[in-house]
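Contents: one structure, followed by commentary.
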Amino acid sequence: MNKKNLELGKKPSAIRELFEFCNQKKKELGEGKVFDFSIGNPNIPTSKFVTDILTNLLINEDPVKLHGYTSAPGDMDVRNKVASYLNETYNAKLDGNLIFMTCGAAAGLAICFNALLEKDDEVIVYAPYFPEYKVFVEAAHGKLVALDSDNDLLPDLKLLEKSINEKTRLLIINSPNNPSGMFYDEKMIIALSNILKKKEIEYCHPIYLLSDEPYRELLYVNEKYPFVTNYYDDSLVCYSFSKSLSLPGERIGYIAINPQCDDAQDVFYSVAGAARSLGYISAPSLFQYMVKDVLDDKKELEKHYQFVREGYKTNRDLLYKSLTGIGYELIYPYGAFYIYMKALEKDEEHFSEIAKEYNLLIVPSTSFGSKGYVRLCYAVKKETILNSVEAFKKLYKRYQK
């Protein structure tokens, strides 16, 4: 057996451990007695607009086509639709021939790392970050280099400039961010791009910017989303419909390669080769065809996005007000559906364990490469937030003593 994979299998992520712990506790105590803020599982159901499209496909589409293989990179009509949607929405200049359909963003990320990294290449990310980045990068024989964010949990630009070296191959950004909910505005994307451009010239090789965007539509500020391919040539986008359409279990997403990328066609071939070597032969056909029909109706799609944003924003405001009212310190989130809260002691893992005694399931920031915080996911029922307030008060009073 592969010892590293055996170790990963025996010890799942802290998020998954809490998720399983929650399921067990709910059996013991009942659904309403456990307050699960652990896993990022959308609680707002997908809209009738989406289920009608799926139903129509199942009833009216040729079942042989619907359930058969597509081309390995995905159905060409679907890829063209993804490109045209992004071009219309973000004024991008993408090409369907450089879109690769994937089994969600996780598969997309794993494919990109295997496509772009040679042994010991370095991948820079800012902490806090999605914990699976490290797993995926190391599986591709790369090295994850985590940099500290500034006091606002935004990229420290001076630190980035100092940290890029000959081995740097890639910078990952995730905005809105999991776990902090922070948003990188246009000014920040331009600043990051300028540093990377300068370093590409210095080291005479591409340094890729990989934007991981599953929360792109879950943005609560009235600012345009800065689509990275408009600012930096050597850029790729990984996307999943899991959060925006509330379809996490269906695993459908894509990789978009900037046509301005150095040797863009070879980057695409490398992506295709990595997918092949990893066994990601083609994304689920039914959900590829669903994506095409969903993106075809921009009016209904935007109505759905608006409904989802309003639901999560309501939860965010309620949770933020409730916890700050008790006395907790929180980082105010501008997107996604997570909130970063200061632990009431130096050891965030111990704090998370103490919270369990009050049936509060919160993820220690150790999982995200940072110290002193816990992450709460507010993609939960409103009642969960309201009913948890008393437990949070008891936890806070315990630490005051």
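Residues Pro155 and Asp150 share a closest heavy-atom pair of O-OD2, 4.1 Å. Between Tyr378 and Gly335 the shortest heavy-atom distance is OH-O, 4.0 Å. Closest approach of Pro226 and Asp185 over heavy atoms only: CG-C, 3.8 Å. Residues Arg375 and Ile39 come closest through the heavy atom pair NH2-CA, 4.1 Å. Contact record, Ala336 with Pro176: N-CB, 3.5 Å, taken as the closest heavy-atom pair. Among all heavy-atom pairs drawn from Tyr184 and Ser175, the shortest one is N-OG, 2.8 Å.
Pairs engaging residues 246-258 under the side chain to side chain donor-acceptor pair (under 3.5 Å) rule: Arg216-Tyr254, Ser235-Asn258 [sequence neighbours left out]. The side chain to side chain donor-acceptor pair (under 3.5 Å) contacts involving residues 318-336 comprise Arg316-Tyr332, where partners must be two or more places apart or lie in separate chains. Residue pairs meeting the ring-ring contact (aromatic ring centres under 6.0 Å, His included) criterion with at least one member in residues 284-310, sequence neighbours excluded, do not occur. Listed by first and then second residue, the ring-ring contact (aromatic ring centres under 6.0 Å, His included) pairs that reach into residues 358-377 are Tyr340-Tyr373, sequence neighbours excluded.
By the 4.5 Å heavy-atom criterion applied to side chains, Val267 and Asp262 are not counted as neighbours. Contact of the Phe337 side chain with the Cys377 side chain is registered, since non-hydrogen atoms from C-beta on lie closer than 4.5 Å. Between Val82 and Leu94 there is no side-chain heavy-atom pair separated by less than 4.5 Å. Counting heavy atoms from C-beta on, the side chains of Pro284 and Cys103 come closer than 4.5 Å. Glu357 has its side chain within reach of Arg398: a pair of non-hydrogen atoms, C-beta onward, lies under 4.5 Å apart. Residues Pro128 and Ser365 form no side-chain contact, since every pair of their non-hydrogen atoms from C-beta on lies 4.5 Å or further apart. Leu98 is not listed as a side-chain neighbour of Val271, based on a closest heavy-atom distance of 4.5 Å or more. Side-chain contact between Val125 and Leu144 is present, with at least one heavy-atom pair separated by less than 4.5 Å.
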Inset, instruction - Might you work through the side chain to side chain contact (heavy atoms under 4.5 Å, CB included) test for Asp156 and Tyr126, ending with a clear yes or no? - result: CA-CA 8 Å; Asp156 182 327; Tyr126 279 97; 4.2 Å; yes
Inset, instruction - Check step by step if side chain to side chain contact (heavy atoms under 4.5 Å, CB included) holds for Asp36 and Val380. - result: CA-CA 8 Å; Asp36 182 15; Val380 296; 5.9 Å; no
Legend entry - Test side chain to side chain contact (heavy atoms under 4.5 Å, CB included) applied to Leu286 and Leu54, step by step: CA-CA 8 Å; Leu286 169 61; Leu54 284 167; 4.1 Å; yes
Legend entry - From CA spacing to verdict: side chain to side chain contact (heavy atoms under 4.5 Å, CB included), Phe113, Ile172: CA-CA 10 Å; Phe113 298 141; Ile172 312 170; 3.6 Å; yes
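A salt bridge links Lys356 with Glu353; the closest basic N to acidic carboxylate O contact falls under 4.0 Å. Ion pairing of Arg309 with Glu302 is present here, as a side-chain N (NZ or NE/NH1/NH2) and a carboxylate O approach within less than 4.0 Å. Lys198 has a carboxylate O that lies under 4.0 Å from a charged side-chain N of Glu161, or vice versa, which qualifies the two as a salt bridge.
When atom types are taken as modelled, the side chain of Asn315 and the backbone of Ala379 share no donor-acceptor pair closer than 3.5 angstrom. Between the side chain of Thr55 and the backbone N or O of Thr51 there is at least one donor-acceptor pair closer than 3.5 Å. Not a single donor-acceptor pair under 3.5 Å links the side chain of Arg169 to the backbone N or O of Leu117. No donor-acceptor pair under 3.5 Å is formed between the side chain of Glu122 and the backbone N or O of Thr168. Side-chain atoms of Gln288 never come within 3.5 Å of backbone atoms of Thr70 as a donor-acceptor pair (strictly under, hydrogens ignored). Judged by distance alone, the side chain of Asn56 and the main-chain N or O of Asp52 form no donor-acceptor pair under 3.5 Å. Judged by distance alone, the side chain of His205 and the main-chain N or O of Glu166 form a donor-acceptor pair under 3.5 Å. Under the 3.5 Å distance criterion, the side-chain polar atoms of Ser240 are left unmatched by any main-chain donor or acceptor of Gly104. Between the Ser352 side chain and the Val363 main chain, no donor and acceptor come within less than 3.5 Å of each other. When atom types are taken as modelled, the side chain of Asn230 and the backbone of Tyr90 share a donor-acceptor pair closer than 3.5 angstrom.
Paired with Tyr232 under the rule side-chain hydrogen bond (donor to acceptor under 3.5 Å, both in side chains), one option of Glu200, Gln260, Lys197 passes, and it is Glu200. Only one option out of Leu330, Ile362, Leu360 pairs with Leu376 in a side chain to side chain contact (heavy atoms under 4.5 Å, CB included); it is Ile362. Exactly one of Leu218, Asn177, Asn178 qualifies for a side chain to side chain contact (heavy atoms under 4.5 Å, CB included) with Tyr338. That residue is Asn178.
Between Phe351 and Tyr399, the ring center distance clears the sub-6.0 Å criterion.
Here the straight-line distance linking atom CE of Met182 with atom CG of Asp152 works out to 6.0 Å at 0.5 Å rounding. Rounded to the nearest 0.5 angstrom, Ser388 OG and Leu319 CG are separated by 6.5 Å. In this structure, Tyr239 OH and Ser244 OG are separated by 3.0 Å, a value rounded to the nearest 0.5 Å. Taking CG from Leu247 and OG from Ser242, the interatomic distance works out to 7.5 Å, rounded to the nearest 0.5 Å. Atom CG of Asp234 is separated from atom CG of Leu196 by 9.0 Å, given to the nearest 0.5 angstrom. The structure places CG of Leu395 at 6.0 Å from CG of Leu344, a figure rounded to the nearest 0.5 Å.
By the neighbour-count criterion of 12 heavy atoms within 6.0 Å, atom CD of Gln400 is densely surrounded, having more than that number from other residues, nucleotides or ligands. The neighbour count for His141 NE2, taken as heavy atoms of other residues, nucleotides or ligands under 6.0 Å away, does not exceed 12. Within a 6.0 Å sphere centred on CG of Asp62, heavy atoms belonging to other residues, nucleotides or ligands number more than 12.
With sequence neighbours left out, the salt bridge (Lys or Arg N to Asp or Glu O under 4.0 Å) criterion links Glu202 to Lys199.
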Can you give each donor-acceptor pair under 3.5 Å made by side-chain atoms of residues 291-299, sequence neighbours left out, with the distance rounded to 0.1 Å?
{"residue": "Asp296", "atom": "OD1", "partner": "Lys81", "partner atom": "NZ", "Å": "2.7"}
{"residue": "Asp297", "atom": "OD1", "partner": "Glu300", "partner atom": "N", "Å": "3.2"}
{"residue": "Lys298", "atom": "NZ", "partner": "Thr89", "partner atom": "OG1", "Å": "3.2"}

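With no hydrogens or angles considered, a side-chain donor-acceptor pair links Asp212 and Tyr133 at under 3.5 Å.
The aromatic rings of Phe37 and Phe392 sit tilted relative to each other, their planes meeting at an angle between 30° and 60°.
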